[in-house]
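Report on one structure; see the data block that follows.
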Protein chains: 4
Amino acid sequence: MNKVILVGRLAQDPEVRYTQSGKAVASFTLAVNRFGGGQGQNSADFIPVVAWEKLAETCGNNLTKGQRVLVEGRLQIRSYETNDGQKRRVAEVVAQSIEFLERKQASGTDAGNIDINSFGKDVFPDEEIPF
Amino acid sequence: MNKVILVGRLAQDPEVRYTQSGKAVASFTLAVNRFGGGQGQNSADFIPVVAWEKLAETCGNNLTKGQRVLVEGRLQIRSYETNDGQKRRVAEVVAQSIEFLERKQASGTDAGNIDINSFGKDVFPDEEIPF
Amino acid sequence: MNKVILVGRLAQDPEVRYTQSGKAVASFTLAVNRFGGGQGQNSADFIPVVAWEKLAETCGNNLTKGQRVLVEGRLQIRSYETNDGQKRRVAEVVAQSIEFLERKQASGTDAGNIDINSFGKDVFPDEEIPF
Amino acid sequence: MNKVILVGRLAQDPEVRYTQSGKAVASFTLAVNRFGGGQGQNSADFIPVVAWEKLAETCGNNLTKGQRVLVEGRLQIRSYETNDGQKRRVAEVVAQSIEFLERKQASGTDAGNIDINSFGKDVFPDEEIPF
DNA sequence: TTTT
DNA sequence: TTTT
């Protein structure tokens with residue numbers, strides 16, 4: 001079991017890129033407010049989120065900065081090497097499903113939640129995230 | 001909501017340190033197997049976990065390398081500066097409760113699970129993790 | 001581990017009652033939409049939720065029918081006897097924390113989430129729910 | 001979001017039945033110990049679990065009474081009518097994935113966890129559970 | 001680097 | 001109705 005559930009707001013618009021084999025990858029940072037923390041409500045964790053394939057495209061088409069979402073996924077620790085040869089590790093949440101808790105700005109009536117899912121092997125991608 | 005639930009095995013014995021004000025902090029890496037990933041069961045995420053105060057001490061006294069546990073906590077992104085002045089970010093799971101899924105090696109009879117909890121502000125510590 | 005996480009809307013205003021020893025208990029039904037189910041978005045599960053003590057009072061003072069919330073708690077199976085002596089079992093979620101995903105109707109500005117928590121033994125109450 | 005995560009032991013061997021259209025359904029009760037409850041460790045919740053199709057068959061073939069598992073699923077409230085025309089509601093967890101936390105009795109070496117999954121519409125079955 |  |  002490797003389960004992460006986050007409720008927060010997009011700190012920026014999602015970026016959608018494509019791998020060499022043509023798979024879509026969306027990435028964005030989620031601002032997750034801390035409750036109960038010492039510093040009041042102004043403190044947050046800024047957590048990197050990635051989504052693959054169909055889920056990535058739905059993110060690109062439907063999510064914008066500031067929007068509140070619920071992300072369910074797994075926590076992944078990825079190793080990479082910097083340009084000058086240093087080894088680094090980066091943590092990110094690989095989204096399995098995203099529930100929109102509010103509609104995109106300038107949209108029409110609030111028609112309730114949308115829930116989009118990504119199942120199967122895309123949650124364990126065997127390709128590098130581009131860039 | 002910032003919730004992480006992991007089942008895995010300790011990749012090493014927990015290290016227990018103390019802050020200047022005397023608070024215990026335990027840290028260890030949890031090896032969480034990937035299921036459904038392309039590379040079979042031999043692939044795992046190695047996830048840093050920290051625990052504070054009473055929970056930290058229970059970890060130090062009861063957990064050893066290889067033991068299987070369930071960790072519930074929150075995902076925290078922490079910023080720090082390296083000795084040569086670079087800014088880095090590190091992700092870690094701040095444990096709120098740990099359930100032992102098996103007893104310590106060389107212990108007696110299997111008397112069932114133990115569940116230890118850490119509540120309140122220790123989950124949002126206002127002190128640095130020592131070292 | 002006995003963990004339940006629900007996002008839904010209150011199907012009715014919470015009812016707050018008091019045990020003989022004076023503990024507050026709030027109860028309400030949460031309508032949780034099914035996504036991916038065959039019948040489109042019109043299908044929902046109606047799930048009984050109870051909260052104790054301070055959390056109960058916050059529910060009574062801040063939640064109304066239709067409001068969207070995130071509930072974290074545990075699933076409890078409770079046995080009771082009907083007036084004519086039949087044994088029945090009822091399932092309910094005992095809330096440990098509730099996050100308000102939107103403000104009460106007719107409230108002021110949207111000042112962001114509120115998160116309320118109930119920890120410790122109230123999650124395993126040793127008293128009957130009144131009525 | 002309708003998410004349930006349970007760790008417990010099978011209170012009995014799973015029963016596997018088949019719907020009229022031939023779908024497998026496994027059902028069993030999970031004994032989930034309460035930690036932190038007033039009555040010590042001897043108190044538990046007995047929670048009904050169902051699994052569909054391939055997941056159901058894997059349960060039937062691999063799980064036995066007393067075995068410890070982790071169940072991830074959704075909480076469903078189902079209505080039915082008794083033989084004498086009374087309306088009743090029953091709660092059960094519809095499993096989406098089950099992780100074996102220990103091997104079947106009389107099995108060989110402990111080769112680590114097994115994780116089995118059930119995705120898509122089987123989690124929202126449109127058929128009745130037989131019997 | 002960041003959201004409300 | 002129930003597990004260790």
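The basis for the numbers below is simple: all heavy atoms, side chains too, and nothing from hydrogens, waters or symmetry mates. Order of the sequence lines fixes the chain letters, A, B, ..., with proteins taken first and strands second; residue numbering starts at 1 for each chain.
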By nearest atom, which of the nucleotides [options] is closest to the [X] side chain?
X	options	result
D:R9	E:dT2, F:dT4, E:dT3	F:dT4
D:A11	F:dT4, E:dT3, F:dT2	F:dT2
C:R89	E:dT3, E:dT1, F:dT2	F:dT2
A:A31	E:dT3, F:dT3, F:dT2	E:dT3

What is the distance, rounded to the nearest whole Å, between atom [atom1] of [X] and atom [atom2] of [N]?
X	N	atom1	atom2	result
A:F28	E:dT1	CZ	C1'	17 Å
C:N2	F:dT3	CG	P	18 Å
B:M1	E:dT4	CE	P	22 Å
A:Q67	E:dT2	CD	P	21 Å
D:L101	F:dT3	CG	P	19 Å
D:L30	F:dT4	CG	P	12 Å
A:I47	E:dT4	CD1	P	17 Å
A:L63	E:dT2	CG	C1'	16 Å

Task: Where at least one partner belongs to residues 73-86 of chain A, residue pairs that pass salt bridge (charged side-chain N to carboxylate O under 4.0 Å, His left out), sequence neighbours excluded - done: A:R74-B:D45, A:R78-A:E92
Task: Rounded distance (nearest 0.5 Å) linking atom CD of D:Q96 with atom CD1 of D:I5 - done: 9.5 Å
- [ ] Hey, could you give me the CZ/CZ distance between C:R88 and D:R88, rounded to the nearest 0.5 Å?
- [x] 3.5 Å
Task: Results of side-chain hydrogen bond (donor to acceptor under 3.5 Å, both in side chains) for D:Q12 - residues two or more places apart only - done: none
Task: Stacking of D:F46 on F:dT2 base (centres under 5.5 Å, planes under 30°) - done: yes
